[in-house]
Each structure stands twice: as structure tokens, then as C-alpha cells.
Trainee: 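After the C-alpha cells below, expect a handful of questions from me.
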Protein chains: 2
Amino acid sequence: MAGSRQRRTVQRMPAEKRVSDIMRAARAVLAEHGAHESFISEVAERAGVVEGSLYRFFSSKRDLIEKVAEDWYEEMLTDYSAHLDGVRGTRNRLRFIIHHHLSIIKKEPALARMVFQEFRPARNYRSTRLFTLNQAYTQRIAEIVKAAIRDGEFSGDFPPAFVRDMIFGGIEHRVWAFLRSEGDFDVGQTANVVTDFVCRALSVAESEPVDRVTAALSRIEAVADRLEGAAEAGASKVRGKPGLKT
Amino acid sequence: MAGSRQRRTVQRMPAEKRVSDIMRAARAVLAEHGAHESFISEVAERAGVVEGSLYRFFSSKRDLIEKVAEDWYEEMLTDYSAHLDGVRGTRNRLRFIIHHHLSIIKKEPALARMVFQEFRPARNYRSTRLFTLNQAYTQRIAEIVKAAIRDGEFSGDFPPAFVRDMIFGGIEHRVWAFLRSEGDFDVGQTANVVTDFVCRALSVAESEPVDRVTAALSRIEAVADRLEGAAEAGASKVRGKPGLKT
DNA sequence: AACATTTAATGAAGCTAATTCAATATCTGC
DNA sequence: GCAGATATTGAATTAGCTTCATTAAATGTT
């Protein structure tokens, strides 16, 4: 006790527990300080291990941060896909995803920022597990757009991947001030305006209502024809022949 | 010459020249390696000074990089505003800016990436000279949108600042793969699709559909007349049989 | 229960790249 | 040509990530 030579009794934990301890600590530190200002010394201390020990489980600081990000992504994606399946209608489905994305950013600004800033720009991003996860996430947008185009609801002028970029890019730009702690944003309102913007851009020209009027008119005219015919027939006793049109 | 003690004769340059030398070297190194992988040792060597000397002119590595970015921004903005003034029509003006932005990214990917990744996310971004420069740059979009709304060309449903975010955010997302050297993009084609998307979202519905509705209404009224006539005729003559189908 | 083996965990040492600073060489004015 | 001022140097310092030889907890063996 008197000597500094005293080595604290140390527990040998199962690797699993150690890893989860470290990752929990890392996530807390990252959420507090962001990637650049987070030091593994602090992570180690909070996790109750010594700096060097981290390297038994993670090959580098970056590897650790990446695993934390992956973990977070997987957590986010849980239930997301199932919930989306329960939402009907193109517009509602788009809004659901946009809203979900904004909620995530609002809840975990530091982690979101870290992904935007550290991982997505990295040279090897496309060979990253994070990329795969992200792709599964954003893919749903493309599916929705594709389906809407097939159903004639959306114009086919814009590739689904492009629409996806406009949505996620637009959202990201919109929330940067918040991510910098220099501003705020309202999740619901932002979701509305983004959704409106996209639907306005994609919706097949307003000809739709016009077409419906025209179609209804055609039916009315057909009825009028028949009525006239019937009336005439009735007038001339027997000359009836109703020319049907669809 | 034989001894290593020989100190190379050194020129005392005017500060201005030194600064510009260092900045030129820094820009080249940054364009080659990006911010993280650029070392001031390399910058110093290329600029023909010793590492420590950089700190006479720049307070830190970050300060140097920031100055380089500012310099680049100012260079970009030169003539941009004047050229824009020569472009007429909302759509053309929007496309000009979008095209200009894409061109810059294409020409200087490393610097663009650096700004996106390093500076915009920084906590104090809004108090940065770079922010001011960028604002002057993007402000033009808001002006154009505002004017178009005033002229009834664009719907007023979307705040100009929001439109600006959608445009620059969408562009940025679209070009990330290129910035990572993992893909490419076509400036002209991308400018077109982005411009189309935005104009589609904002354009007030053309008057044509309205005219068509009016025309359709005239027809409906005519049909109503006929129906009334037919009904009267049928009623007075015989009790007609209305074999209606959907 | 003593001993041997394995390996988790340690903590000090090493490395790289940024930053500081006392010493020095060049410039300028007299 | 001298003195003071200051630009430039290069060695020393610092910070934070990473490595590794050493230590000791766990496990197996007789």
C-alpha cells in the first residue's frame, strides 16, 4: 500500500465483456467530444483498463471508432425496416424515412456528425461495413421511388439514386448548423418540407386531376349519348340502340 | 562542404514572398494528399524553409490550411458574380450556379473535400472567414429564388434558404464518390438534372392545366344541357329505361 | 497441493508529427 | 563598418497513438 510498486488486483474478464465495456465507454466519450477530441486514454480510463489493453481488442483508434459507429448503425436499423413496411402510400413512406433520419440526427448529433465527417469521406468507404449498412438503409428510398414510377405516380425523369442523394444531401446540409451546436431544427417540420419538395419535384404533372375531370366527362358524355338515344327511341317507339363507350 | 556543420546561406525574404511561397506549397501538398495526410515537414521543404519557420507566419497547421482554403475560395468567387449577372432567366441563372459549383468540385476535388470535411463541420464555423465567403457565394441562390417567387414564377411554399440547402446538399452527396476517388460524374448532365429537379419542385403549376379544366367545364355544362334536354324529352314521351353501368 | 502452461493485462518505452524557443545569421540604419 | 533589430534556424519539447517485454491470473497436470 505504501509502495507504488503495488499493482492493483486485476480481474481477467471474458473478452466479450471487455469489448462491450470499451465500446460503451468509447461511445460515451465520442458522444461528448467527437472523434478528433476523443483520446483513447480517456476511453481506457472509463472502461477500467489501461491504454495498451485496447489494442488487444481493437487494432487502432480508428478501428474502435468504426466499430462503435457500426454498432450504432445496427441499433438504428433495428425495427426501422419493419415499421416502414407498415406505412402505406408513397408520400407517407417517404416521409417516414425522412422523419426517421432526422430523428436519429437529433438524438445522436455527435455520432451522426462523426459518420458524416470521418467515415463517409474516407477513401475506402465503399469497402466498409458501414457503407453496406448505410446502403441497406437508403436503399428503401430508391425502392419507393421505383415503385411510384412504375405505378405512374412519379415521373421517371429522375433516377432513384439521384432522388436518394437529393434527400439525404439536403437533409444533411439542413442540419449542419445543429450538428455544430450552432442552431436547432424541428424534426416534424423539416420532414414535411423535405417530403413536400421531393413529391412536388417527382409527382407526375398536375395533368392528373385534369385527366380525371376529362375521364369523368367522357363517362358523362357517354351517358348523355345513351340518354339521348333512349329518349329518341322512346320518342320514335322502337329505334333504340345504345352505343356504349367505356 | 565536407562538414555537416555548414549552414546553407539563407535569404531573408520579405514576409509577403515567404507567405505566398508557403501557401503555394501548402496548396500543392493539400491537393495531393488532403489535410490529414499532409505534413508540414513536406510543406516546409517545398517552400524552402524549415518547419519551425512556418510558425512565424501561421499560428498552427490548421491556420495555414484555413488560409489556403480562404485563398482558394476568393479565387473561385472572382468573376463568378459578374458572370452570373450576365445570365438571364431564373432557370438559366440557377443552372449557372449549379454548374459553376460542380465545375469547382471537379477541378479541385481535394480542396473541396477539405472544406466539406474539415471546415464546415468545425464548431466555430460561423465565425470563420470561410463562412462569410461561402455565404456570399450561396446567397445568390436565395436571391434568385426570392425574385422568382416575387414574379410568380416559383411557388412561395419553400423558404429560399431551404432551397439553397437542398441544392448544395444534393450536389455534395452526389459527388462524394468522386471526392473519394471511387467514381466520377458529368458536370453538365448533373447540372441539368439538379436544375430540373429544383425547378420542377418550385415551378408554379402551368396555366395550361387550368385552361384545360375550364374547357372541360364548358363541355360538362354542355352535357348538362343535353342531359336536361334528353331527360325532358324522355319524360314527356315514354318512361325510358336507364340501363346504367359504371 | 504443488507445479507447469497459457495468455490477459499491464505499464513503460517508442514513434510520429506538431509546436516552441534559444541561438544565430542576415539585414538596416547610422 | 558597427549596433541593433529581426528573420531563420534546428534542436528540444510535447502530445497522443502504438508496441512489447514483463507480470500474474486462470487453467490444466500429476
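Every heavy atom of this structure was used, including side-chain atoms; hydrogens, water molecules and symmetry mates were not. Naming convention: chains lettered A, B, ... in sequence-line order (proteins, then strands); numbering from 1 in each chain. Just so it is clear, the model here is predicted, and its values are computed rather than measured.
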Trainee: Check the distance between dC17(D)'s P and Arg62(A)'s CZ and give it to me in whole angstrom.
Mentor: 14 Å

Trainee: Considering all heavy atoms of both residues, which atom of Arg46(A) and which atom of Ala25(A) are nearest to each other, and what is their separation?
Mentor: CB-CB, 3.8 Å

Trainee: For DNA chain C, which residues of residues 32-39 of chain B approach it to below 4.0 angstrom with any heavy atom?
Mentor: Ser38(B), Phe39(B)

Trainee: Does Ser53(B) place a side-chain N or O at less than 4.0 Å from the phosphate oxygens OP1/OP2 of dT9(D)?
Mentor: yes

Trainee: To the nearest Å, give me how far apart CG (Asp21(B)) and P (dT8(D)) are.
Mentor: 10 Å

Trainee: Take the protein atom CD1 of Ile40(B) and the nucleotide atom P of dT9(D), then report the distance between them rounded to whole Å.
Mentor: 13 Å

Trainee: Verify, without hydrogens or angle tests, whether Asn124(A) (side chain) and Ser127(A) (backbone) share a donor-acceptor contact under 3.5 angstrom.
Mentor: no

Trainee: Looking at Thr190(A), Ile105(A), Val194(A), which one forms a side chain to side chain contact (heavy atoms under 4.5 Å, CB included) with Arg174(A)?
Mentor: Thr190(A)

Trainee: Just how far, in rounded Å, is P of dT16(C) from CD of Glu42(B)?
Mentor: 16 Å

Trainee: Which donor-acceptor pairs under 3.5 Å do the side chains of residues 76-84 of chain A make with protein atoms, sequence neighbours left out?
Mentor:
residue	atom	partner	partner atom	Å
Thr78(A)	OG1	Glu74(A)	O	2.8
Thr78(A)	OG1	Glu75(A)	O	3.4
Tyr80(A)	OH	Tyr137(A)	O	3.3
Ser81(A)	OG	Arg140(A)	NH1	2.5
His83(A)	ND1	Asp79(A)	O	3.4

Trainee: Which nucleotide in the list dA18(C), dT9(D), dT10(C) gets nearest to the side chain of Val50(B)?
Mentor: dT9(D)

Trainee: Rounded to the Å, how far apart are Lys17(B) NZ and dT8(D) P?
Mentor: 11 Å

Trainee: Looking at Tyr55(B), I'd like to know whether one of its side-chain N or O atoms comes within less than 4.0 Å of OP1 or OP2 on dT19(C).
Mentor: yes

Trainee: Write down the distance between NZ (Lys61(B)) and C1' (dT14(D)), rounded to a whole number of angstrom.
Mentor: 16 Å

Trainee: Could you list all the side chain to side chain donor-acceptor pair (under 3.5 Å) pairs where at least one residue sits in residues 49-67 of chain B, not counting sequence neighbours?
Mentor: Asp63(B)-Lys67(B)

Trainee: Please report, rounded to the nearest Å, how far the P atom of dA8(C) is from the CZ atom of Phe57(A).
Mentor: 8 Å

Trainee: Rounded to whole angstrom units, what separation is found between the CZ atom of Arg56(A) and the C1' atom of dA21(D)?
Mentor: 13 Å

Trainee: For the side chain of Arg18(A), counting heavy atoms from C-beta on, which of dT10(C), dT9(D), dA9(C) is nearest?
Mentor: dA9(C)

Trainee: Decide whether Arg123(B) and Ser181(A) meet the rule of one side-chain donor and one side-chain acceptor closer than 3.5 Å.
Mentor: yes

Trainee: Just compare dT10(C), dC17(D), dT19(C) and give me whichever is closest to any side-chain atom of Glu51(A).
Mentor: dC17(D)

Trainee: Which is true for Phe58(A) with a 4.0 Å heavy-atom rule: it touches a base, it touches only sugar-phosphate, or it touches nothing?
Mentor: nothing

Trainee: Where is the tightest heavy-atom contact between Glu37(A) and His33(A), given as atom of each residue plus distance?
Mentor: OE1-O, 3.1 Å

